[in-house]
Amino acid sequence: MSELRGMPDQQIFLLGNLVIMVAYAAIMVAIVVPVARAGQLRTNRLATATALIFFSCAVGHGLHAVMAYRSLIQVPAAHQMHIAAGWSWTSALWDLLTAAAGVYYWTLRRSYGVLLGKGAIYVDPWGQRRLDEAGARERAARDAAEAHRATLATVVEHTDDAVVGVTPEGIITAWNGGAERLFGYTAEEVLGQPATMMADETGSGEQAGVLARIRQGERGMAYETRRLRKDGTLVDVALTVTPIQDQAGTVIGASAVARDITAAKEAAERRRAIEERSNQAQRLESLGKLAGGVAHDFNNILAIIANYTEFVAEETADQPNVQADLRQVRTAVERATNLTRQLLTFTRAETVQPQDVDLNAAVTEVQTMLERTIGEHINLIAVPSPEPLTVHADVGQLQQVLLNLAINARDAMPDGGTLVLEANSATLDGAEVNMQPPLPAGTYARLLVSDTGEGMSPETVARIFEPFFTTKPQGRGTGLGLATVYGIVAEAAGSINVYSEPGIGTTFRIYLPLVAAAADTAASPPMPSTAPPRGDGSTVLVVEDEPALGRVVTRILANAGYHVLTAADATEALGLYEQHGCDALLTDVIMPGISGRRLAELLHERQPELPVLYMSGYSNGLLGTTHILDEDIAFLEKPFTAADLLNKLAATRGRNPSQVRL
C-alpha cells in the first residue's frame with residue numbers, strides 16, 4: 001500500500017484496468033473454450049452472449065488502460081487533448097456496444113427457452129427442475145418397464161403351459177417351469193441341447209420343417225403333435241411356434257408354447273365313442289323295427305313249414321327217401337330260424353326271458369354240445385371256475401354267445417388247433433381300454449373263449465361287431481354272429497373285449513355282472529323226458545291272425561285231445577268266448593286291432609284265473625315294459641314244434657292261478 005501511495009494516479013488507473021481486462025479475458029476464454037470444444041458456439045446462444053459481454057468488458061478496460069498509458073508518457077498538451085477526445089469517443093462507443101450485449105444477454109436469460117436447448121451447459125433453477133422432473137419420469141418409466149418384464153417373467157415361469165425358446169437352428173435357449181413339469185427335464189439338462197431330444201424320428205422332421213418356415217419369415221404356426229418325456233413316454237401336445245425378431249426384423253429365434261392335451265383328446269375320444277354308440281343305437285332301433293316286422297311274418301311262415309313237415313314225417317315214417325328229404329327241410333327251417341333270431345338279437349328286438357344261470361353249468365352244457373359237432377381236429381378244453389358263478393341272463397342267449405364264438409374259432413382253425421372255454425371271475429378298476437361297452441369298476445363273472453387260429457388284424461378287430469361284416473367267403477357267413485354276441489352281452493349289462501394277433505390266435509373275454517347264488521339257477525331250458533301231456537277234452541281258445549298257422553295249431557291241439565276254438569282276431573275271439581267259454585287262451589301277441597295282451601285283460605275281467613299262453617316271433621314290447629319278458633308271463637316263441645306247444649300249454653295250465661297277473 002505504501003508503494004501504491006507513492007505511485008501517480010495515472011499509473012494506478014493503468015494497472016487496475018489491465019488487471020480487470022485480463023480477468024475478463026480469462027473468464028471469456030473459460031467460457032468459449034469448452035463451448036467451442038462441445039461444438040455449441042452456434043447452438044448455445046446464452047454461453048455465446050455471456051462470453052461476448054466479458055470480451056466487450058475486457059476490450060473496454062483495455063481502452064481505458066491505453067488512455068492511462070498515454071497520460072503517463074510526455075505528450076504535448078494540445079496533442080494530448082486531441083488524443084483524449086478521440087479515445088473518449090471510442091470508449092463511449094465500446095461501452096454502448098457492451099451495454100447492447102448485456103441487453104441481448106438479459107433477453108436470453110428472461111426467455112429461458114435456450115436453457116433446455118440441446119447440449120446447454122448453463123441451466124437456470126427452473127429449467128433444472130424441469131430437467132429433474134423429466135429425468136424422474138424417465139426413471140419411473142424404466143422402473144415400470146423393468147417391473148412389467150419381471151412380472152411377465154414370473155407369469156411365464158409359473159404357467160402350466162411349457163414355454164421353450166430356441167435358436168433358428170433349434171438349440172434350446174429358454175425353459176420355464178411348465179416345460180419342466182410337462183417333459184420332466186430341468187433347465188440345466190436341456191439348455192444348449194437340440195430340441196429334437198424330445199421328439200421321435202417323425203417329430204424331428206416335423207420340427208425341422210417348422211423352423212425352416214420360421215426362418216423364411218412365416219409369422220407363426222399352431223398344430224398338434226406328440227413329444228417324448230424324459231421317462232420315454234409319449235405326450236399329446238398342442239404347439240404354438242412364433243418367431244423372435246430383433247429391432248431390424250431379423251429372426252433370431254423362436255418361442256414354442258406347448259400344452260398337454262392328452263386328457264382333452266381322451267375326453268374327445270370318449271365323446272366320440274358315446275356319439276358313435278348313440279348313432280349305432282339309433283341305427284339298430286330303426287333296423288330293429290324293420291327286423292321285427294319281417295320276423296313276425298317270417299316266423300309264422302317258418303312255423304307253418306316246420307309243423308307241416310312234422311305232419312308229413314309222421315305219415316311217411318315207412319318211406320326212407322321222403323324222410324331224408326324232410327330232414328333237409330328241417331335243417332333249412334332251423335337255419336332260417338337261427339338267422340331270424342340273430343337278426344332280432346343284435347337289434348335287441350327279441351323277447352328274452354332272463355333268469356339266474358350257473359355259468360359253470362352253461363359252459364359244461366356247451367362243451368357237451370360242441371364235442372359232438374366241432375370236429376376231431378379241434379382240441380376242446382373246458383375250464384370251469386373253482387367257485388360258483390351266477391349271472392342273470394337268458395339261458396338260450398348265453399348258450400348262443402358261446403356257440404357263436406366257438407364256431408368262429410373252429411372256422412379260424414381249418415388245420416386244427418385248440419379251443420378253450422373258461423369261466424372265472426375278474427375285478428375291473430373301470431379304466432380298462434377296448435371294453436365294448438365300458439364297464440364301471442367292480443367284480444364280474446368272466447367267460448373266455450380262446451383259439452390258436454389265424455388271428456385277426458387290428459383293422460378287422462375294429463369292425464367285427466358291425467352288422468353284416470364278415471371275413472368269411474361268400475355264402476359261408478352272414479355277418480350277424482358277432483353282432484348278435486355283442487347285442488346279447490350288452491343287453492345283459494355286460495361287456496366284451498377282444499385280443500387277437502395274426503398267426504397267434506384270438507381271445508374273447510366276456511364280462512357279466514355277478515348275482516348272489518340262487519337256489520334255482522339253470523344252465524338250459526328244462527327239456528321234457530316224456531311225451532307231452534294230453535288235453536283230455538279241455539277247451540283252448542286259439543287266436544291267430546295267420547290262417548295257415550291257425551290251422552296248424554288247431555290240428556296239433558286237436559290231435560292231443562283238446563277241444564279247439566279258433567279265431568282270426570280279438571273281436572271274433574270275444575264272441576266265441578261269450579258263446580262257449582274256454583279253459584285256456586292261446587293267442588298271438590301282435591294282431592290287427594286289439595293286441596293279444598289286451599284280449600287277455602278283457603277275458604280276465606270275466607274269468608280272472610284263466611291261463612294265458614302267448615305266442616309270437618316278435619312281441620315288440622307288448623308283454624312288458626321292454627322286450628325283456630315279465631317273469632309271470634307264459635310265452636312261446638315262434639317258430640315252435642308240436643312238442644314245444646303242448647309242453648308249454650300244459651305248464652301254463654298247471655300254474656297256480658294266483659300267480660297269473662296280467
Side-chain angles (χ1 to χ4, degrees), residues 135-271 429 431 433:
R137 289 193 297 270
E138 184 178 355
R139 287 191 299 274
R142 285 198 301 269
D143 292 343
E146 290 296 331
H148 175 72
R149 283 193 290 270
T151 301
L152 184 60
T154 302
V155 171
V156 171
E157 178 63 26
H158 292 88
T159 184
D160 288 337
D161 293 343
V163 181
V164 182
V166 296
T167 66
E169 292 73 30
I171 303 301
I172 299 174
T173 58
W175 189 264
N176 76 330
E180 181 174 341
R181 290 185 292 273
L182 179 58
F183 297 109
Y185 294 98
T186 63
E188 291 77 9
E189 292 175 316
V190 298
L191 291 179
Q193 300 296 322
T196 52
M197 66 184 294
M198 293 174 292
D200 55 15
E201 184 177 349
T202 302
S204 298
E206 184 183 63
Q207 281 184 355
V210 169
L211 288 175
R213 292 164 62 185
I214 289 291
R215 290 193 298 269
Q216 293 169 4
E218 194 160 337
R219 292 298 304 166
M221 282 160 285
Y223 59 99
E224 294 181 1
T225 185
R226 281 189 169 184
R227 290 292 180 261
L228 287 171
R229 290 191 175 101
K230 182 179 179 180
D231 59 7
T233 59
L234 290 170
V235 56
D236 293 308
V237 295
L239 274 173
T240 302
V241 183
T242 307
I244 301 175
Q245 299 175 333
D246 59 14
Q247 294 181 349
T250 303
V251 176
I252 60 175
S255 67
V257 179
R259 174 170 296 178
D260 186 353
I261 59 172
T262 303
K265 291 191 71 173
E266 291 176 353
E269 182 63 22
R270 285 194 295 270
R271 288 194 298 270
D429 60 12
V433 296

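Since the structure is predicted, the reported quantities are computational estimates derived from the model, not experimental observations.
Atom OG1 in Thr250 sits 13.5 Å away from atom CD1 in Ile244 (nearest 0.5 Å). To the nearest 0.5 Å, the span separating CD on Gln216 from CG on Leu211 amounts to 11.0 Å. Atom CZ in Arg227 sits 10.5 Å away from atom CG in Leu234 (nearest 0.5 Å). Residue Asp200 holds its CG atom at 9.5 Å from CZ of Arg226, rounded to the nearest 0.5 Å. Of the inter-residue distances, the one linking Asp161 atom CG with Arg259 atom CZ reads 4.0 Å to the nearest 0.5 angstrom.
Here the side chain of Thr262 pairs a donor or acceptor atom with the backbone of Asp236 at under 3.5 angstrom. Remark: side-chain polar atoms of Thr173 are not paired, donor with acceptor, to backbone N or O of Thr167 under 3.5 angstrom. Listed for the Arg215 side chain is a donor-acceptor partner under 3.5 Å among the backbone atoms of Pro168. Side-chain atoms of Asn176 come within 3.5 Å of backbone atoms of Val163 as a donor-acceptor pair (strictly under, hydrogens ignored).
Across all non-hydrogen atoms, the minimal contact from Ala254 to Ile214 is CB-CG2, 4.3 Å. Here the closest heavy-atom approach between residue Val237 and residue Ala258 is recorded as CB-CB, 4.5 Å. For the residue pair Thr240 and Ala222, the shortest heavy atom distance occurs at OG1-CB, 4.1 Å. Across all non-hydrogen atoms, the minimal contact from Ala199 to Gln207 is CB-NE2, 4.0 Å. Here the closest non-hydrogen pair linking Ser204 and Thr196 is OG-CB, 3.9 Å.
Side-chain atoms of Leu182 and Met198, non-hydrogen and from C-beta on, never get closer than 4.5 Å to each other. Here the side chains of Met221 and Leu239 are not in contact, with every heavy-atom distance at 4.5 Å or above. Between Leu228 and Thr233 there is no side-chain heavy-atom pair separated by less than 4.5 Å. Using a 4.5 Å heavy-atom cutoff, the side chains of Arg270 and Glu266 are in contact. Contact annotation: the side chain of Val210 approaches that of Tyr223 to within less than 4.5 Å [non-hydrogen atoms, C-beta and beyond].
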With salt bridge (charged side-chain N to carboxylate O under 4.0 Å, His left out) as the criterion, how do Asp260 and Arg181 come out once you've worked through the C-alpha distance, each side chain's angles and the decisive distance to 0.1 Å? CA-CA 10 Å; Asp260 186 353; Arg181 290 185 292 273; over 6 Å; no
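Ring pair Trp175/Tyr185 is perpendicular by interplanar angle, where above 60° counts as perpendicular and below 30° as parallel.
Sorted by first and then second residue, the salt bridge (charged side-chain N to carboxylate O under 4.0 Å, His left out) pairs with a member in residues 184-196 read Glu189-Lys230; sequence neighbours excluded.
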